[in-house]
Amino acid sequence: MSLDYRAALHREVALFVRASRTDLTAQVVHCPEWTVADLTWHMCGVLRFWRAIGTGEITSPADEARVEYERVPDGELAALLEHEAAEITNTVYDIEPATPVWSWSAQKDVGFIQRRMAQESAVHRWDAELAVGAPNPIDADLAVDGVDEFLTLFLPAEEESLAGPIDRIRLETTDRDAGWTVTAGNGRCAVGDGEADVVARAAASDLLLLLWTRREASAVAVEGDESVLARFLARSDLT
């Protein structure tokens, strides 16, 4: 599946900005120490940071201080988010995805940044909308891609959480023809096909939000050993 990550980022940031302009003081449910203003500032910093990596301003963690900047007044945050989104889409999204860059991930190229910024914008846009009212679901195709990113890049990096018994979990979308069988435990994580101890089915948006701890297991249809799913979700307890 080929996605237009630039278009996705534009769409998600536009919705994020609308939520930010609704109520900057609202508490973010799944980041309870933050208000929408804090979340907006965080997203501005994330876009600025990864733009610097994509353009070569940052080439290692030692260079991170180069992109530090002071927080703007709350009334200017929405405009700054629009600015940072425009800056990264007009630079990093014009670079060949296979161009090598530093990243914390096993994937060390510009394509990682292009995908990650679309995905992070989507989940945090959902957070902002939840804080100020009813959130729109994440686009199904983008959510399928996000589940794949989580299972192939994020979860395998959580080495400590992968200790213990081996579990096999099947995740299936109800609005797209997509599914993953995840084998996690004994210090490793692999994604493939085959039978599983438990199956979780839901719309792609809900599956992605489940993995990012925005949904409870009760929000999806579960068949099989629910304790296996609970252990898996505890292993992937990322925010």
Side-chain angles (χ1 to χ4, degrees), residues 1-6 8-9 12-13 30-31 39 42-68 84-85 87-89 91-127 138-139 141-163 169 171 178 180-192 204 207-214 232-239:
M1 178 175 59
S2 177
L3 288 176
D4 186 341
Y5 292 122
R6 188 200 307 255
L9 177 61
E12 297 301 332
V13 168
H30 296 95
C31 304
L39 181 65
H42 167 75
M43 197 66 226
C44 290
V46 167
L47 292 172
R48 175 68 182 91
F49 175 74
W50 285 103
R51 170 164 58 95
I53 293 174
T55 58
E57 186 179 349
I58 287 180
T59 59
S60 75
D63 297 332
E64 290 183 22
R66 293 183 183 180
V67 298
E68 290 182 357
E84 292 297 350
E87 287 293 304
I88 195 170
T89 55
T91 54
V92 175
Y93 284 78
D94 286 333
I95 299 172
E96 171 59 40
T99 303
V101 294
W102 171 84
S103 86
W104 56 261
S105 167
Q107 181 183 351
K108 300 184 184 301
D109 59 29
V110 168
F112 170 78
I113 300 173
Q114 294 168 345
R115 182 190 204 186
R116 179 87 291 274
M117 290 304 92
Q119 292 295 342
E120 183 143 357
S121 297
V123 172
H124 281 326
R125 179 273 299 168
W126 190 91
D127 285 332
I138 295 170
D139 173 82
D141 291 330
L142 185 63
V144 167
D145 183 71
V147 172
D148 186 77
E149 182 202 41
F150 187 97
L151 297 177
T152 59
L153 292 178
F154 276 87
L155 188 56
E158 297 297 300
E159 295 180 356
E160 292 184 4
S161 71
L162 294 173
I169 304 92
L171 302 175
W180 306 259
T181 299
V182 187
T183 302
N186 197 25
R188 68 185 187 92
C189 175
V191 180
L207 281 184
L208 180 60
L209 294 168
L210 176 72
L211 292 175
W212 283 110
T213 69
R214 269 65 176 177
F232 172 72
L233 294 176
R235 281 173 161 161
S236 59
D237 188 10
L238 304 172
T239 58

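What you are looking at is a predicted structure, and each value in this text was computed from that prediction instead of being measured. FYI, the numbering just counts along the sequence from 1.
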A.B. asks: Flag yes if more than 12 heavy atoms outside Asp63 fall under 6.0 Å of its CG atom; otherwise flag no.
C.D. replies: yes
A.B. asks: Output all residues satisfying side chain to side chain donor-acceptor pair (under 3.5 Å) with Thr183, sequence neighbours left out; order by chain, then residue number.
C.D. replies: none
A.B. asks: For side chain to side chain contact (heavy atoms under 4.5 Å, CB included), just list the numbers for Leu47 and Glu87, CA-CA rounded to whole Å, side-chain angles, deciding distance to a tenth of an Å, and then say yes or no.
C.D. replies: CA-CA 9 Å; Leu47 292 172; Glu87 287 293 304; over 6 Å; no
A.B. asks: Atom CG of Asp127 and atom CD of Glu120: how far apart are they, to the nearest 0.5 Å?
C.D. replies: 10.0 Å
A.B. asks: Quick one: side-chain contact (heavy atoms from CB on, under 4.5 Å) partners of Thr152, sequence neighbours excluded?
C.D. replies: Asp148, Val191
A.B. asks: Mind checking ring pair (Phe, Tyr, Trp, His ring centres under 6.0 Å) for Tyr93 and listing every partner two or more places apart, or none if nothing turns up?
C.D. replies: none
A.B. asks: Excluding sequence neighbours, so at least two apart, what forms side chain to side chain donor-acceptor pair (under 3.5 Å) with Gln107?
C.D. replies: Asp109
A.B. asks: Among Trp104, Phe154, Tyr5, which one satisfies ring-ring contact (aromatic ring centres under 6.0 Å, His included) with Phe112?
C.D. replies: Trp104
A.B. asks: Restricting to side-chain contact (heavy atoms from CB on, under 4.5 Å), what partner residues turn up for Val101, sequence neighbours left out?
C.D. replies: Ile53, Val110, Ile113
A.B. asks: For Asp4, check side chain to side chain donor-acceptor pair (under 3.5 Å) against everything at least two apart and list the hits.
C.D. replies: none
A.B. asks: Restricting to side-chain contact (heavy atoms from CB on, under 4.5 Å), what partner residues turn up for Pro61, sequence neighbours left out?
C.D. replies: Glu64, Trp102
A.B. asks: Enumerate the residue pairs fulfilling salt bridge (charged side-chain N to carboxylate O under 4.0 Å, His left out) with a member in residues 93-106, sequence neighbours excluded, ordered by first and then second residue.
C.D. replies: Arg6-Asp94
A.B. asks: Which residues satisfy the side chain to side chain donor-acceptor pair (under 3.5 Å) test with Glu149, sequence neighbours excluded?
C.D. replies: Arg116
A.B. asks: Taking only residues two or more places apart in sequence, or in another chain, which ones meet Thr55 in a side-chain contact (heavy atoms from CB on, under 4.5 Å)?
C.D. replies: Arg51, Glu57, Thr91, Val92
